[in-house]
Each structure stands twice: as C-alpha cells, then as structure tokens.
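Report on one structure; see the data block that follows.
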Amino acid sequence: MKESLDAERMACWRAYIEASQRLFTQLEDDLRADSELSFADYHVLVLLSEAPGQRLRMGELAGRLVFSPSRLTYQISSMQKRGLVARESCPDDRRGSEAVLTATGLLTLREAAPHHLRSARTHLMDDLDDAEVACLTRVFERLGRRLRADRDVSSTPADK
C-alpha cells in the first residue's frame with residue numbers, strides 16, 4: 001500500500017514538473033512575442049508594482065525571485081538600460097540599493113499583464129490533458145492542506 005502511494009506521489013510530481021516546464025516555455029514565448037519582456041522581467045515588474053512606494057531592496061527582491069545576487073544584478077542592469085526600473089541607494093542602508101519601478105516599467109507591465117493572463121488561461125485550459133489536470137489537482141490539494149496545517153500550528157498561542 002505504501003509503495004503504491006509513493007509511486008502515485010512520484011507520478012504526480014513528475015507530471016507537475018513536466019507540465020510546469022512546458023507551460024513556462026509557452027508562457028515565456030507568448031510574453032516575449034506580445035511585449036518583449038522575459039518572464040523574469042515580468043515578475044520583477046509585478047513585485048515592484050505591489051511593493052510600498054514601488055521599490056524593494058535588492059536583497060528582498062532576490063529572495064522573492066529566488067535569484068542569486070549576481071543574477072539579480074544582471075537582471076536589474078538589463079531592465080535599467082531599457083528604462084523599466086531604476087536603481088537607487090537605499091536611504092536606510094548606505095551599503096544597499098533598491099530597485100525602483102519607473103513610469104515606463106509600470107506602463108509596460110500594464111500593457112503586458114492582460115496578454116500574459118490570457119496566455120496563461122489559454123495554455124492551462126488547452127495544453128494540459130486530463131491526467132495532468134488530475135495529478136496537478138491532487139498536488140495542489142495536498143499542498144493546500146499542508147499550508148493550512150502549518151498556518152494553524154503557527155497561529156496557536158504557545159503554552160505557558
């Protein structure tokens with residue numbers, strides 16, 4: 001019984017990874033065709049648009065994107081050359097710097113977002129077969145249960 005559960009779990013994760021890779025490639029291609037943004041560009045712009053003052057410290061941005069500092073520096077420099085973001089020294093920390101969303105970056109994000117969302121819906125509905133949908137559903141249900149359990153444990157007051 002345990003072996004069949006482990007085999008099913010592995011099959012679900014394999015389906016999830018394969019479907020995610022395929023969808024990511026399709027979304028990246030669609031995003032570049034519509035707006036000349038990479039997926040990384042798009043996510044940097046989204047994170048900055050949601051941040052207070054539309055700015056984030058480079059370290060916090062790297063953590064949210066799971067980028068290495070050198071990869072983030074390259075990404076921000078590339079986006080800075082295109083006028084999508086600016087890089088400013090951080091007033092709270094002289095050694096650090098912040099990425100700041102520019103007006104051009106915000107306009108580019110607003111133009112790209114509807115295309116990206118439509119592309120994501122199209123690929124999710126059209127490019128996954130029933131078995132992949134079933135596997136992904138099980139994976140996300142398990143993940144949701146685990147996250148709810150973790151949240152419940154962390155929100156209970158500590159015993160005195």
Side-chain angles (χ1 to χ4, degrees), residues 9-129 131-133 135-144 146-148 150-151 154:
R9 189 174 293 150
M10 288 303 295
C12 285
W13 281 110
R14 194 173 303 112
Y16 170 74
I17 291 166
E18 290 170 359
S20 296
Q21 289 171 335
R22 191 172 70 250
L23 289 172
F24 177 80
T25 301
Q26 292 166 334
L27 291 172
E28 173 92 14
D29 292 346
D30 289 353
L31 193 57
R32 282 192 188 275
D34 289 333
S35 63
E36 297 181 8
L37 290 176
S38 70
F39 219 64
D41 293 339
Y42 182 79
H43 283 286
V44 167
L45 294 177
V46 167
L47 287 172
L48 290 176
S49 73
E50 295 171 347
Q54 298 182 334
R55 61 180 52 233
L56 281 172
R57 287 185 175 179
M58 294 291 282
E60 186 177 358
L61 190 56
R64 290 185 183 188
L65 291 166
V66 196
F67 274 6
S68 68
S70 60
R71 171 70 174 113
L72 181 64
T73 300
Y74 172 80
Q75 185 71 38
I76 294 298
S77 296
S78 168
M79 294 177 73
Q80 195 171 2
K81 289 176 187 172
R82 293 179 285 150
L84 302 173
V85 298
R87 193 167 172 181
E88 298 177 359
S89 40
C90 182
D92 299 332
D93 180 2
R94 291 186 197 152
R95 295 169 294 149
S97 61
E98 295 177 318
V100 181
L101 184 65
T102 65
T104 302
L106 185 58
L107 180 62
T108 301
L109 176 62
R110 286 182 179 157
E111 290 172 352
H115 298 290
H116 175 61
L117 294 175
R118 188 167 44 252
S119 172
R121 278 194 303 272
T122 299
H123 290 304
L124 283 170
M125 292 187 315
D126 296 344
D127 295 329
L128 294 178
D129 63 29
E132 288 173 323
V133 170
C135 281
L136 292 175
T137 301
R138 285 195 300 273
V139 167
F140 286 120
E141 285 172 352
R142 287 180 186 144
L143 182 59
R146 181 176 295 158
L147 291 173
R148 281 190 297 279
D150 290 347
R151 184 186 62 224
S154 67

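The chain is numbered in sequence order, starting from 1. What you see below is based on every heavy atom in this structure, not just the backbone, and it leaves out hydrogens, waters and symmetry mates.
- Considering every non-hydrogen atom in both Arg32 and Ser38, the closest pair reads NH2-CB, 3.2 Å.
- Put simply, the side chain of Arg64 does not reach to within 4.5 Å of the side chain of Val46, judged on heavy atoms.
- With contacts defined as side-chain heavy-atom distances shorter than 4.5 Å, the pair Leu65/Arg71 does not qualify.
- Side-chain atoms of Met79 and Leu45, non-hydrogen and from C-beta on, do get closer than 4.5 Å to each other.
- Environment of CD in Glu60: crowded, with over 12 heavy atoms of neighbouring residues, nucleotides or ligands closer than 6.0 Å.
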*Does the pair Leu37 and Leu84 meet the rule for a side-chain contact (heavy atoms from CB on, under 4.5 Å), with working shown?*
CA-CA 10 Å; Leu37 290 176; Leu84 302 173; 3.9 Å; yes
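- Side-chain N or O atoms of Glu28 include one that pairs as donor or acceptor with a backbone N or O of Phe39 at under 3.5 Å.
- Across all non-hydrogen atoms, the minimal contact from Arg87 to Thr73 is NH1-CG2, 3.7 Å.
- No side-chain heavy atom of Thr102 sits less than 4.5 Å from a side-chain heavy atom of Gln54.
- The shortest side-chain heavy-atom distance between Arg82 and Thr108 does not fall under the 4.5 Å cut-off.
- Two residues are said to be in side-chain contact when any heavy atoms from C-beta on lie closer than 4.5 Å; Leu61 and Ile76 meet this criterion.
- Across all their heavy atoms, Ala51 and Leu56 have their closest contact at CB-CG, 3.6 Å.
- A donor-acceptor contact shorter than 3.5 Å links the side chain of Thr25 to the backbone of Gln21.
- Using a 4.5 Å heavy-atom cutoff, the side chains of Arg110 and Ser49 are not in contact.
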